2 protein chains.
Amino acid sequence: MATTGRRERLRAETTAEIKKVALGLMSSGGPDAITLRAIAREMGMTANAIYGYFATRDDLVTTLINDVYTSLADAVDAARDACPTDDPAGRIIAWATAFRDWALTNAEGFRLIYGDPVPGYQAPEGGAAPEAEHRVCAGLTGLAAGAWPQAKALFAEADFQWSDFDPGLAAEVREEFPGLPPAAVAIALRIWGHLHGLVSLEIYGHLRGQTPRPDKIYRAELTQLVRGLGLPA
Amino acid sequence: MATTGRRERLRAETTAEIKKVALGLMSSGGPDAITLRAIAREMGMTANAIYGYFATRDDLVTTLINDVYTSLADAVDAARDACPTDDPAGRIIAWATAFRDWALTNAEGFRLIYGDPVPGYQAPEGGAAPEAEHRVCAGLTGLAAGAWPQAKALFAEADFQWSDFDPGLAAEVREEFPGLPPAAVAIALRIWGHLHGLVSLEIYGHLRGQTPRPDKIYRAELTQLVRGLGLPA
DNA sequence: GTCGAAACTTCACGCCGTATAGTCACTGCA
DNA sequence: TGCAGTGACTATACGGCGTGAAGTTTCGAC
């Protein structure tokens with residue numbers, strides 16, 4: 001019993017070390033630096049040994065994406081939950097600020113999740129990354145739900161149905177926030193787009209040639225965001 | 001005279017063919033498919049022959065980025081200018097719609113410009129791509145300038161200085177739109193972020209798991225955008 | 001007609017992912 | 001205690017990649 005446990009433990013440790021080394025390589029050399037040979041070199045193994053733990057390099061990358069995406073989702077959720085629910089504007093700002101902060105301190109991770117992760121990589125259909133993505137979207141919808149009492153007057157004519165959204169996401173939202181209309185989900189997706197766009201431009205260096213103060217732009221964005229939802233600053 | 005011209009003409013033709021083949025490979029296989037060897041194969045040459053035209057693969061990629069980015073800037077400028085200047089909302093919507101349309105029909109080009117273009121690629125400091133980027137920003141600022149008479153009341157307390165922006169961009173804007181305050185440039189950058197974010201999420205497939213109707217989200221975004229600027233729909 | 005430069009090929013090196021076959025230690029059972 | 005089985009790992013190999021050095025061909029200029 002304990003002996004089979006030993007094998008499994010060693011195996012889990014090696015798997016963890018592979019991921020740790022891969023993340024280290026990524027943060028120093030970008031997503032492209034994740035090569036089986038480099039990982040193996042760092043670990044004193046042959047590249048082929050890694051095939052015992054991950055069927056292919058893309059499998060490893062997929063696992064890393066899952067981990068990194070989960071860490072992002074954890075970070076923004078924690079920041080949001082540190083703010084009381086009766087302060088919807090504060091929660092939105094906390095969430096969005098944590099999003100940018102996480103992206104700046106984990107720039108390579110951001111590129112891994114949202115960019116072309118690695119040459120030729122094709123994301124698989126299911127898995128934990130789509131789940132983390134759902135979590136992010138659902139979290140944002142929660143923020144929109146918190147703001148909805150004040151916001152709904154501003155989006156009265158919005159023409160959205162539940163069929164305009166992924167069935168799983170729609171079901172999740174309708175269960176957690178009964179009475180919330182589909183227009184609120186559209187708002188959540190739009191907010192996601194706004195924040196993702198600004199952070200993405202910054203991370204990929206496209207803002208560098210335009211402004212030395214991307215933080216100020218982002219802060220202005222947040223101010224207008226809560227105002228656009230009819231919330232007091 | 002004409003004979004030296006011949007060499008140069010052949011050289012220009014070959015250069016153009018390399019770029020054309022590279023763009024073809026990109027649109028069929030993504031930015032990663034741009035390999036010197038594949039280009040050479042397609043052209044019936046050896047990979048090393050390309051070194052006579054481009055010092056390195058990154059040089060070729062840089063040139064392609066410039067070309068593609070310029071085509072994007074042309075497309076959005078043309079769409080905007082097809083709308084009369086006395087219809088600022090129409091111009092904004094035309095610009096933004098052209099932006100998404102271009103991105104969807106040139107998805108690989110979008111990834112080339114805004115993503116990790118190619119393993120290990122590092123963008124050079126100067127060049128035509130930053131110039132095209134400036135052009136996009138300046139164009140957007142022009143849209144903001146058109147909307148400013150109605151919008152300024154909504155952004156009265158915005159706290160931006162010209163020093164918050166790149167000197168070149170600031171100079172360009174101040175010359176072209178005298179009297180326009182720096183807050184308008186901030187609005188332009190934020191709009192860029194909004195649109196870029198939504199399109200980027202769509203192109204990279206992150207919206208796929210949330211909504212089957214990204215177009216509808218985008219249209220709602222445009223509606224709220226012009227409304228948020230105080231313009232009539 | 002000859003010279004020199006430009007265009008291009010050949011060969012080589014070290015990267016990469018990965019398939020196949022083989023080695024070796026450790027585990028579980030008799 | 002000895003022996004099979006299994007899982008971890010290595011060795012070797014293939015094709016593809018960017019790129020450097022050296023050699024060859026082509027062709028305009030004088």
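Small disclaimer: the values here were computed from a predicted structure and weren't measured. In what follows, chains carry the letters A, B, and so on, assigned in the order in which the sequence lines appear, proteins first and then strands, with residues in each chain numbered from 1.
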Distance, rounded to the nearest Å, where [X] contributes [atom1] and [N] contributes [atom2]:
X: A/Ile50; N: C/dT18; atom1: CD1; atom2: P; result: 11 Å
X: A/Ile39; N: C/dC16; atom1: CD1; atom2: C1'; result: 13 Å
X: B/Glu17; N: C/dC8; atom1: CD; atom2: P; result: 10 Å
X: B/Asp32; N: C/dC16; atom1: CG; atom2: P; result: 17 Å

- Task: Hey, could you give me the CZ/CD distance between A/Arg100 and A/Glu221, rounded to the nearest 0.5 Å?
- Result: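 One finds 12.0 Å between CZ of A/Arg100 and CD of A/Glu221.
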- Message: Working to the nearest 0.5 angstrom, can you tell me the gap between A/His206 NE2 and B/Leu189 CG?
- Response: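 It comes to 13.5 Å.
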Going by an N to O cut-off under 4.0 Å, is there a salt bridge joining [X] and [Y]?
X: B/Glu202; Y: B/Arg208; value: no
X: A/Arg135; Y: A/Asp77; value: yes
X: A/Arg111; Y: A/Glu108; value: yes

- Message: Is the distance between the ring centroids of B/Tyr114 and B/Tyr69 under 6.0 Å?
- Response: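 Yes.
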- Does the ring center of A/Tyr204 lie less than 6.0 Å from the ring center of B/His196?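 Centroid separation for A/Tyr204 and B/His196: 6.0 Å or greater.
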- Please check if the side chain of A/Arg91 supplies one atom and the backbone of A/Cys83 the other of a donor-acceptor pair under 3.5 Å.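 Yes.
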All N/O pairs under 3.5 Å across the protein-nucleotides 3-7 of chain C interface:
| from | atom 1 | to | atom 2 | distance (Å) |
| --- | --- | --- | --- | --- |
| C/dA6 | O4' | B/Arg7 | NH1 | 3.3 |
| C/dA7 | OP1 | B/Arg11 | NH1 | 3.0 |
| C/dA7 | OP2 | B/Arg11 | NH1 | 3.0 |

- Task: Take A/Glu172 and A/His134 through the test side-chain hydrogen bond (donor to acceptor under 3.5 Å, both in side chains) and record every step on the way to the result.
- Result: CA-CA 9 Å; A/Glu172 194 178 327; A/His134 250 92; 4.7 Å; no
- Scan nucleotides 13-25 of chain D nucleotide by nucleotide, 5' to 3', and note B when protein non-hydrogen atoms come under 4.0 Å of the base, S if they reach only the sugar-phosphate, - if neither. ----BBBBB----
Taking only nitrogen or oxygen atoms into account, show me every contact under 3.5 Å that the protein makes with nucleotides 21-24 of chain C, one pair per line with its distance.
none

- Message: Contact between A/Phe54 and A/Thr15 at the side-chain level, heavy atoms closer than 4.5 Å - yes or no?
- Response: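 With C-beta onward as the side chain, the pair touches.
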